[in-house]
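The shown structure was predicted, so the numbers you read here are calculated from the model rather than taken from an experiment.
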Amino acid sequence: MTPRPSSSGSEPKKKAAKKTTKTPKNTAKNTAKNTTRKSAAGTAAKTTPKQSPAAKNPAARTAGAPPREPAQEAAPGRGPAASPEVAVAASSPSLDAADRERLLAGAHHDPHSVLGAHRVPGGVAFRAFRPYALAVSVRSGDLRIELHDDGDGFFSGLVPLREVPSHRLLVTYDGSVQEVEDPYRFLPALGDLDLHLIAEGRHEQLWQALGAHPTVHGGVAGTRFAVWAPNARGVRVAGGFNFWDGTGHPMRSLGSTGVWELFLPGVGAGELYKFEITRPDGSRTFRADPLARRTEVPPATSSVVHVSEYTWGDAEWLARRADRPAHEAPLSVYEVHLPSWRPGLTYRELAEQLPAYVADLGFTHVELMPVAEHPFGGSWGYQVTGFYAPTARLGDPDDFRYLVDRLHRAGIGVLMDWVPAHFPRDDWALAEFDGRPLYEHSDPQRAAHPDWGTLEFDFGRREVRNFLVANAVYWCEEFHIDGLRVDAVASMLYLDYSREAGQWTPNERGGRENLDAVAFLQEMNATVYRRVPGVVTVAEESTAWDGVTRATHHEGPSGFGGLGFGLKWNMGWMHDSLEYMSHEPVHRRYHHGEMTFSMVYAYSENYVLPISHDEVVHGKKSLVSKMPGDWWQQRANERAYLAFMWAHPGKQLLFMGQEFAQGAEWSDLNGVYRDTPALWQRDTHPSGFSWVVGDAAEDNVLAFLRLDADGTPLLAVSNFAPVVRSDYRLGVPADVPAWHEVLNTDAARYGGGDAGNPDPVKPEPQGWHGRPASIRLTLPPLATVWLRPA
């Protein structure tokens with residue numbers, strides 16, 4: 001391992017270097033066989049190339065040298081044993097020219113086969129590749145053997161031993177001697193089952209196999225590095241521990257899996273690293289680890305060796321979250337962009353403020369806009385480069401765990417945006433990762449995302465599907481995430497999405513469906529629901545795709561099985577209802593159908609009604625600013641709209657900040673919602689909804705009943721006109737003796753005019769709206785009222 005500056009606070013501690021003089025040539029005189037070692041070393045010396053000045057002194061390297069890394073570790077073995085005197089020709093321990101050239105070029109697929117210690121004719125050959133070292137010796141028990149300097153950082157020696165001994169290396173640099181483990185004496189630290197599952201594309205906990213993992217291997221502490229790069233000619237590990245010079249730390253290829261592996265003794269948590277990949281054309285590129293579980297704070301791009309030390313306290317939450325399916329439970333979601341909710345707060349600071357705020361508002365869940373690492377903050381996280389790492393902008397992964405834990409302890413579920421549709425083209429991340437298209441599709445037309453200048457994943461490649469499916473599982477298992485809102489599903493499902501004729505090729509059936517993406521989404525949903533009870537997946541899908549929330553094994557009219565999502569965003573309702581609300585009340589009568597059309601298809605999927613970040617950015621104005629009228633009317637409109645939304649079949653999502661329409665805090669909406677099963681228990685069944693009046697376009701009035709599993713009703717009435725309507729008659733069931741108002745958005749405490757129905761309202765035997773009884777209500781202007789049986 002090359003020496004490191006003592007000022008590097010994140011580096012693991014090492015044994016203090018001995019202040020010794022240069023190791024003498026006759027150090028090992030205490031064994032009778034050193035003459036054999038000397039003669040072998042001498043033979044090798046005849047072909048030793050002259051060592052360059054840079055190789056003699058690490059400080060002689062240029063300051064602009066790219067990233068590199070160190071190594072250490074020892075493997076089990078028996079102590080030195082003298083070889084019997086046999087008539088066998090000793091082989092030269094030095095490397096042949098081809099191996100030397102490949103190692104120097106970073107293009108050796110199996111460095112462990114030539115470096116380290118190996119039995120050869122005449123004994124055991126020791127070989128080390130230590131660029132910038134002045135001398136290297138092998139220590140095994142009391143035996144110390146100086147290796148011959150073969151030039152260019154290579155050292156070798158032949159020792160007449162019967163078995164390969166347990167040993168360490170003494171590496172001399174200018175001014176210091178370091179005793180380190182030999183990383184090339186270890187067997188692979190990745191098991192056969194891991195490799196089999198990776199090759200099959202079925203490793204559901206892929207993050208435990210690939211990436212950087214501090215571990216004890218062969219009795220030695222260090223870090224196992226593993227990366228999938230099947231097109232690479234060679235891969236080396238570079239990092240702060242080897243001055244970002246990976247020359248001396250080549251990885252080995254583990255057969256046809258395309259996985260490269262290296263165990264580096266002495267490297268621990270907190271170390272920075274990247275992979276130096278030699279591409280098929282011989283050029284080299286430094287890449288962040290696709291499976292890194294921690295990263296540097298952007299704009300820095302290195303990966304960080306990480307091990308979690310967090311102890312969870314949300315066992316009670318996890319034990320009961322699967323008690324009720326999401327579509328049969330209250331689910332109102334507060335969408336949050338963590339870096340800008342209250343700017344400047346860390347994960348742990350957010351954990352002290354966000355749970356209390358959300359609990360006060362009465363939301364059942366938060367939905368976090370993407371927290372996976374991304375280089376450009378302006379993307380809000382939707383262009384991900386670190387799919388397995390929470391963004392370091394707000395803290396480390398355990399800090400993020402703390403935030404999730406605190407939300408759970410406050411009774412709040414945590415959904416997160418997940419972005420498997422595409423990734424950015426940054427040349428240190430996934431794009432052409434090993435020199436050829438790997439994570440992206442090999443067809444340029446299918447690789448390039450037409451809208452965002454990014455690359456689409458190759459969903460047909462089993463290793464890529466595995467990377468993404470395991471990533472979905474990872475967030476749920478490692479961070480206790482309760483659900484994934486999958487971004488941009490529509491762009492994944494269609495080959496012609498945002499493409500013109502000639503820019504796409506039909507599938508094998510002649511259609512425009514992306515069959516690979518369909519199979520991926522089905523596999524992801526099936527795997528997540530099987531492995532993590534109680535989670536929910538939510539599709540941001542804006543088309544009429546059949547069966548987004550249908551089970552994957554149930555085939556629909558289109559011939560496809562369902563995609564298997566738990567819920568789907570109802571983009572049609574969102575567009576139609578916002579369009580209606582944006583009109584002046586006098587014109588709303590001409591757009592009445594925009595508020596009623598959603599009930600035509602309300603039970604075709606399990607829906608979420610979203611007023612998300614997408615609707616209040618890029619000049620679209622905030623929710624209250626979309627409303628017509630003066631200051632008071634805008635806020636009255638928004639209150640009426642939100643209460644209509646919360647009573648409509650489906651779950652609700654509201655982007656942060658849109659709750660500010662009222663003058664005073666308004667948490668009653670969610671409070672009544674959670675306490676009223678009629679508003680959520682039958683969201684996905686037609687028996688849970690019944691129109692009272694849906695055609696009162698001239699009045700701008702909508703009224704309907706919601707019913708729970710026992711048939712207990714809630715009456716929701718919205719008056720989207722700016723006038724009070726007194727004695728407004730509505731048909732109601734005859735078996736409810738009286739109704740009382742439980743929510744009125746015109747109440748004075750919300751900033752309204754306080755018109756309404758303060759006393760219980762009794763039905764009259766006069767039939768109305770096709771019902772046997774009716775009630776007369778005062779409908780406040782630009783308001784929604786909810787009434788329950790008294």
Side-chain angles (χ1 to χ4, degrees), residues 327-330 589 592-593 595-603 640 643-650 668-669 671-721 723-747 754-790:
H327 63 279
E328 296 177 0
R589 70 185 67 182
H592 196 75
M595 291 296 263
T596 61
F597 179 66
S598 59
M599 290 311 304
V600 174
Y601 61 88
Y603 303 107
F644 169 81
M645 170 184 174
W646 253 249
H648 190 286
D668 294 1
L669 180 67
V672 178
Y673 168 76
R674 296 178 78 159
D675 293 339
T676 309
L679 290 174
W680 43 261
Q681 202 169 55
R682 291 187 172 183
D683 268 331
T684 61
H685 198 281
S687 64
F689 178 91
S690 178
W691 279 114
V692 173
V693 56
D695 59 356
E698 294 299 317
D699 298 335
N700 292 353
V701 170
L702 295 155
F704 52 84
L705 292 168
R706 298 297 310 278
L707 301 103
D708 66 16
D710 297 327
T712 303
L714 177 136
L715 175 62
V717 187
S718 296
N719 175 22
F720 291 114
V723 297
V724 177
R725 299 197 183 278
S726 301
D727 291 331
Y728 198 86
R729 189 177 292 275
L730 295 169
V732 294
D735 57 352
V736 177
W739 299 80
H740 73 101
E741 197 174 82
V742 293
L743 181 78
N744 181 343
T745 66
D746 192 52
D754 218 20
N757 308 274
D759 300 320
V761 181
K762 294 183 179 182
E764 300 173 2
Q766 182 176 354
W768 208 256
H769 294 135
R771 298 182 182 275
S774 59
I775 57 176
R776 288 181 296 164
L777 298 176
T778 296
L779 302 186
L782 301 176
T784 293
V785 295
W786 294 352
L787 300 101
R788 286 196 303 215

Which residues satisfy the salt bridge (Lys or Arg N to Asp or Glu O under 4.0 Å) test with [X], sequence neighbours excluded?
| X | result |
| --- | --- |
| E328 | none |
| R776 | E764 |
| D746 | none |

Just verifying a value: how many Å separate [X] [atom1] and [Y] [atom2], rounded to the nearest 0.5 Å?
| X | Y | atom1 | atom2 | answer |
| --- | --- | --- | --- | --- |
| M599 | H648 | CE | NE2 | 5.5 Å |
| N700 | N719 | CG | CG | 7.5 Å |
| L743 | L714 | CG | CG | 9.0 Å |
| M595 | L702 | CE | CG | 6.0 Å |

Which atom pair, heavy atoms only, marks the closest approach of [X] to [Y]?
| X | Y | result |
| --- | --- | --- |
| R788 | D675 | NH1-O, 3.8 Å |
| D754 | A747 | OD1-CA, 3.6 Å |
| P780 | V785 | CD-CG1, 3.9 Å |
| R725 | D699 | NH2-O, 3.0 Å |
| G688 | Y603 | C-OH, 4.5 Å |
| P781 | V724 | CD-CG2, 3.5 Å |

Not counting sequence neighbours, which residues clear side chain to side chain donor-acceptor pair (under 3.5 Å) with [X]? List them please.
| X | result |
| --- | --- |
| S690 | R771 |
| S774 | R729 |
| S687 | R682, H685 |
| R674 | none |

Seminar exercise, completed: So the salt bridge (Lys or Arg N to Asp or Glu O under 4.0 Å) pairs with at least one residue in residues 730-743 (sequence neighbours excluded) are none
With sequence neighbours left out, what residues match [X] under side-chain contact (heavy atoms from CB on, under 4.5 Å)?
| X | result |
| --- | --- |
| P763 | V732, W739, A773, I775 |
| T784 | A640, A643, F644, S718, T745, W786 |
| F597 | D576, V600, Y601 |

Seminar exercise, completed: Residues passing the ring-ring contact (aromatic ring centres under 6.0 Å, His included) test with F689, sequence neighbours excluded, are W691, F704
For this session: Would you mind reporting whether L777 and L787 have side-chain heavy atoms less than 4.5 Å apart?
Result: yes
For this session: Ignoring hydrogens and angles, tell me if any N or O in the side chain of D668 forms a donor-acceptor pair with the backbone of V672 under 3.5 Å.
Result: no
For this session: Sort out for me which residue in T676, T712, D683 forms a side-chain hydrogen bond (donor to acceptor under 3.5 Å, both in side chains) with R706.
Result: D683
